[in-house]
Structures are given as C-alpha cells and as structure tokens.
Amino acid sequence: MLQYIVRRLLIAIPMLLGAMSIVFFAMRILPGDPCLAMMGDEATRAALQDCIRQLGLDRPLLVQYLDYLWKSLQLDFGRSLLFNYTVSSYILRMFPHTLLLVIASTIIALCIGLPTGIISALNRRNPLIDYTSRIVALIGLSMPVFWFGILLLIAFSLYWDLFPLIGGGDLSTVLEMLGNGEVFEYPEDFFAAVLDVLHHLVLPAFALGITLAATVSRLSRSAMLEVISQDYIRTARSKGLPERVVIYKHALRNMMIPLLTIIGLFVAIALTGTVLTETVFSRPGLGKMLVDAIGARDYPLAQGAITVFTMTIIVVNLIVDVLYAVFDPRITYR
Amino acid sequence: MALTEKKAVQGFPAVGIAQLEERWRRSLRGRNRRKYIPIAIGMLMVLTMVVVALLAPYIAPFSPSAQYADYVLKAPGAGGKHLLGTDEYGRDLLSRIIWGTRVSLQVGLASVCVGFVLGVPLGIMAGFLRGSTEAMIMRFTDMMLAFPTLLLALIIVTALGGSLINEILAIGVALMPNFIRLARSLALTIRENDYIMAARAIGGSHLRIMLRHVFPNAVSTLVVIATLYIATAIRTEAGLSFLGLGVPPPTPSWGNILSEGRQYIKCCPWLTTFSGFAIMLAVLAFNLMGDALRDLLDPRLRGE
C-alpha cells in the first residue's frame with residue numbers, strides 16, 4: 001500500500017506543475033498586456049513602464065514562468081494590483097467562507113442524494129418511485145445553480161424575509177474568538193456570531209446542495225445497481241438472509257468504494273459551484289474573489305485564486321485515491 | 001407429441017409456446033416503447049428550440065433591442081402585448097428570450113463540435129497506438145481534467161476576452177479532455193477486434209485503420225455522448241454569461257438577461273425567473289435525449 005501511495009504522490013507532482021503551467025500561459029496569451037488593459041489608453045508611457053516593471057513583465061518569459069512556479073509553491077502570489085495587500089492574505093481570509101459553503105452543501109447533497117439514489121435503485125421495478133426520483137434528479141441536474149439561488153432569494157429573502165439577502169456573516173470574528181480563547185470569556189457573543197454565520201449560510205448551502213444532490217442521486221443509483229447485480233448479493237439472498245441485512249451489510253458497504261472515487265470529482269464540481277453561488281448571494285469567498293478579480297483585471301489576484309482552486313482539486317483527488325487504497329485492500333496487491 | 005399439447009406441467013399455467021412467445025414479444029415491445037418516451041420528449045423539446053432559434057425574427061413579437069419608454073419594467077401581460085413583461089430599457093422579455101435561444105444553441109452545438117474535432121482524433125490515437133503516444137496524451141488530459149469545465153472555460157475566456165467566437169472556443173477546449181478520454185476507451189476495445197487484425201494483415205497503415213475502421217465503429221457512441229455534452233455546454237455558456245464573461249450585452253443571451261435582471265429581483269422577479277427557466281428547459285431537453293439514447297445504446301456507458 002505504501003508503494004501505491006508513494007507512486008500516486010509522484011504522479012500528482014507533474015500534474016500540479018502542468019495545471020499551473022496552463023494557468024500561467026493562459027494568463028499570458030492575453031492580447032495586449034495586463035497593464036494597458038488595467039490602466040486604459042490614457043496611461044502615460046512612464047506609468048505603463050512602471051506597472052510592467054512592478055509586475056515583472058519585462059523579464060524573459062521563462063524567468064517569469066519559473067518565478068511563478070517557485071513562488072506559487074510557497075503560496076506567494078504577489079500583491080493585488082488594486083488593493084494594497086498580498087494576494088495570499090486575501091485568499092487566507094476568503095478560504096474559510098468557501099470551505100464552509102463546500103462542506104455544508106456537500107452534507108446537504110449527501111443527505112438528499114444518497115437515500116434517493118439508493119431507494120430509486122432498490123425500487124427499480126416500481127416505476128412510480130424509480131421514475132419520479134429519476135425525473136426529479138434530471139431536473140435538478142439541469143437547473144443552473146445561479147437560477148435556483150435567485151428563486152430561493154426571491155422566496156425566502158424578499159417575500160418571507162427569513163434570511164439575509166447578501167453577505168456571509170462575520171466568520172472572521174468567530175475564527176478570531178476561537179483562536180484567542182475569547183470563546184470562554186464571552187460565550188454569548190460567540191454564539192451570536194456563529195448563529196449569524198449559519199443564518200447567512202442556509203440559502204447558499206441549500207441552493208448549491210440541492211443542485212449537487214441530483215448528481216449524487218444519479219451516481220449512487222448506478223453504483224447501487226452495479227453492486228446489487230453482483231454474485232455475492234445473490235449468494236447472500238440465496239442463503240436466506242433477510243433483505244434488510246443483504247442491503248445494509250452487503251450492498252451498502254460495497255457501494256461506498258465506487259462512491260468514494262466519485263467524491264474527488266464531486267469536490268471539483270462543488271468548487272465550481274461556489275463561483276456561481278457566491279456571486280448570486282454576494283457572499284465573500286474564493287469564487288466571488290476570482291470573478292471580481294477578473295472583472296477588475298487584477299491579474300495577480302485572479303491568477304492566485306485559480307492556482308489555489310487547482311491545487312485544492314488536485315490535493316483532494318490525491319487524498320481520495322489514498323483513501324481508496326485504505327478502504328479497498330485489493331489495491332495493495334496490484 | 002407436440003410441445004403445445006403439454007398441459008399444466010407441475011402447476012405451471014397452461015400456455016402454449018406460441019402464446020408465450022407472443023406475450024414475451026409484447027412485453028418486450030412495451031418495455032421498448034417506454035424507453036422511447038424520454039427520447040421523444042427530449043427530441044420534441046430540442047426540435048422546438050431549433051425552430052424557435054431559426055424563426056426568431058418571425059416568432060418574436062418585438063425586436064429584441066427595441067426600447068419602449070412607456071413600458072419600463074412592466075409585469076408580464078403589460079399592455080396586453082408584452083407577454084412576459086419588459087426589462088429596465090422597456091425591451092420585451094419574450095422577444096429577448098426567443099432571440100437568446102440562438103446564442104445558446106449556437107454555443108452549445110458549435111462548442112461541442114470544437115471539442116469533438118479536437119478531442120476525438122487525439123483519443124483514438126491514444127487508444128489505438130498505445131505506448132508513449134498514449135502516455136503523453138493522457139498525461140495532458142489528466143492535467144486539463146484537474147480544471148472543472150466552467151473554471152477552464154473561465155480562464156480561457158478571460159485570456160481571450162468575451163465574444164461569441166471566444167466563448168465557443170473556450171467551452172470547446174474545456175470539453176476536449178472528456179472527448180479524449182471517451183474516444184480512447186472506445187478505441188481500446190475496438191482495436192482488439194478481428195477485423196482490425198484483418199485490416200492489419202492486408203497491410204493497412206495505422207492512419208488508414210484509424211480512419212476507416214476505428215473511427216466509424218466509435219462514432220455512434222461518440223455522437224450520443226456528445227448530445228449530453230451539449231447540455232453541459234449550454235449550462236456553461238449560461239454560467240459564463242451570468243458572470244459577465246459571455247456574449248457582450250446588447251445581444252440577448254439567457255445568461256446575460258438573468259444577470260441584468262438580478263438587480264431588479266425586488267421589483268421585477270419575472271426577468272430572472274423566465275430567463276432561468278429557459279436555460280433549465282434547454283439543458284433538460286438535451287439531458288433527456290442524451291440520457292435515454294445512451295441507455296438504449298449501451299447501459300454500461302452510464303459513468304461517462
């Protein structure tokens with residue numbers, strides 16, 4: 001197993017480098033240079049020169065590329081062009097928001113998607129259940145998350161006024177209080193802050209979670225169908241085990257292995273979903289930061305955000321593959 | 001003794017072989033018919049979309065860019081002629097959505113074609129030639145797959161700038177790795193067939209075998225799966241337009257109608273509701289058709 005994990009780690013390194021190269025060169029294909037795009041046509045020659053020097057665009061491309069790779073690996077993405085702070089400090093501030101949204105929506109997606117997918121597969125001879133859940137899943141899959149988010153906003157924020165329209169709550173206060181131990185001194189303030197964060201989280205998490213649930217439902221349905229047609233399930237049934245035991249002990253456990261690999265893919269989908277979800281709900285986070293940076297042509301910020309996105313996806317896939325080896329002992333013998 | 005005369009053996013109902021066959025055939029037909037329902041519904045929806053897009057100038061009650069000062073932000077049914085209401089410039093929403101069908105269909109079809117044309121040759125080469133060619137192509141594909149479709153399209157559109165052509169290119173390139181993977185896995189199975197060996201034996205070159213034997217045998221599956229990617233492409237296009245990176249504004253696209261309407265959700269929710277509904281219907285149509293076609297063709301492809 002150790003050999004497998006080491007080999008998997010070694011594969012991840014060129015993948016990471018390659019993906020980062022794509023980011024770097026995509027940002028450089030840009031017709032016209034970022035400085036001109038940012039400052040407009042009225043910029044003086046001196047100001048342009050200054051900007052180019054500041055970004056290091058006057059150096060040879062290869063030097064810029066190696067510099068970008070080396071600094072990115074140290075999580076140093078330079079300074080934002082528009083605001084006077086480092087990109088990494090901004091990313092660090094935004095990351096918890098996105099992480100919270102991804103976790104919350106994943107939980108919702110699993111809670112809704114897994115049972116419906118499994119029930120749909122087990123009742124595949126009952127068209128009323130199977131067809132209904134499949135059609136609902138297909139509709140969920142076809143629904144753009146930004147539209148569903150707006151519908152939720154119209155209903156629950158504007159019409160019933162139950163949830164806030166914009167923002168992400170005061171997450172930094174919560175983290176700060178957790179960090180410096182003020183939790184124990186002012187527990188009431190802390191809980192108020194937590195409640196505020198959760199209050200802001202409900203709608204975005206449901207918008208993203210429900211659209212993701214459709215994917216989970218379809219994947220778990222086909223995973224369950226695959227497992228249920230295996231020989232060991234027939235053996236379990238033929239030796240007279242009650243259906244409940246067959247499903248819970250034999251089918252469900254074996255279904256988890258194919259599902260696990262899907263989670264890697266799933267995190268990628270969820271992260272993309274955050275770009276749209278955060279924009280709809282005007283919620284701080286990496287995705288919104290990326291969109292704003294692109295809109296404002298703040299290249300270091302956009303490049304940093306994309307690099308962090310890519311790194312996260314590759315690392316999550318790596319973790320999933322390693323977990324796969326842990327859960328499925330057959331991997332060891334390969 | 002004829003088989004049909006065997007009656008009620010061991011408690012089985014007395015049915016003749018002919019009757020059994022008939023029943024079997026009927027149940028088969030019934031099952032197949034049920035399979036065709038989603039395809040029919042999906043195709044009907046797609047066909048409607050195509051007709052609406054082609055006949056947009058004749059169907060749309062108003063010009064999509066005509067502004068009516070008296071009808072700014074009016075609710076659906078305003079003045080008895082604006083069926084879905086009007087936007088902040090007094091433009092008719094229904095007409096804009098009808099014209100927006102063109103953008104969505106164009107981007108959906110064209111970008112899948114781009115992805116197909118770029119990805120399939122690479123995938124067939126990887127699966128058929130194997131060896132270092134395969135290793136190189138697949139490493140490259142893995143790298144691209146590290147980016148989700150929308151993110152990759154986002155990067156490319158940012159680099160190129162937002163326009164119809166750039167959007168098509170961006171989404172096409174973003175879909176390419178999916179086509180490479182699919183074509184490779186198809187080529188891997190096809191190359192093991194006897195007719196490939198026969199083609200080799202009579203001296204067919206690699207290129208000829210790939211063009212004349214591998215590709216034609218893979219194309220039906222590829223086209224069916226491509227239908228599903230049209231749905232992905234339309235959704236990605238809407239997402240890009242929503243983020244302000246798609247077709248630039250005066251041209252109506254469902255994504256930018258929705259994005260512009262977002263400022264007015266307090267007073268005028270119809271702007272976002274109807275444009276989003278159009279996106280959902282379009283994506284649903286291609287998903288429905290592609291899903292059912294794929295199941296009919298080969299249920300084992302479900303993971304693709």
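Residue numbering restarts at 1 for every chain, and letters A, B, ... go by the order of the sequence lines. Because only heavy atoms are used, hydrogens play no part in the values below, and waters and symmetry mates are left out as well, while side chains stay in.
Note on A:L16, A:V275, A:L141: by heavy-atom pairs under 4.5 Å with chain B, the leading option is A:L141. The most heavy-atom pairs under 4.5 Å with chain A, out of B:L151, B:T149, B:T272, come from B:T272. Note: B:D291 leads B:L154, B:D291, B:L245 in heavy-atom pairs under 4.5 Å with chain A. Listed options A:V145, A:I314, A:I306 were ranked by heavy-atom pairs under 4.5 angstrom with chain B; first place goes to A:I306. Ranked by heavy-atom pairs under 4.5 Å with chain B, the first of A:L138, A:V291, A:I135 is A:L138.
Heavy atoms closer than 4.5 Å to chain B are found in the side chain of A:I154, but not in its backbone. Interface residue A:I22: only side-chain heavy atoms are found under 4.5 Å from chain B. If you measure heavy-atom distances from A:F148 to chain B, you find no contacts under 4.5 Å at all. In this structure, chain A has no heavy atom under 4.5 Å from any part of B:I156. Contacts between A:L290 and chain B at a heavy-atom distance below 4.5 Å involve the side chain alone, from C-beta outward. The contact between A:L276 and chain B is made by backbone and side chain atoms together, counting heavy-atom distances below 4.5 Å.
Scanning residues 275-288 of chain B against chain A with a 4.5 Å non-hydrogen threshold yields B:G276, B:F277, B:I279, B:M280, B:V283, B:L284, B:N287, B:L288, sorted by number. Taking 4.5 Å as the heavy-atom cut-off, the residues of residues 230-239 of chain B that approach chain A are B:R235, B:A238, B:G239, ordered by number.
A distance of 9.0 Å separates CH2 in A:W147 from CG in B:L258, rounded to the nearest 0.5 Å.
The 12-atom threshold is not exceeded at CZ of A:F206, counting heavy atoms of other residues, nucleotides or ligands nearer than 6.0 Å. Within 6.0 Å of CD1 on B:I165 lie no more than 12 heavy atoms contributed by other residues, nucleotides or ligands. In A:Q64, the CD atom is crowded: over 12 heavy atoms of neighbouring residues, nucleotides or ligands sit closer than 6.0 Å.
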Exercise. Any chance you could lay out the side chain to side chain contact (heavy atoms under 4.5 Å, CB included) test for A:L153 and B:R262, step after step, and finish with the verdict?
Key: CA-CA 11 Å; A:L153 276 179; B:R262 205 157 71 88; over 6 Å; no
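Here the closest heavy-atom approach between residue B:F242 and residue A:V280 is recorded as CZ-CG2, 3.4 Å.
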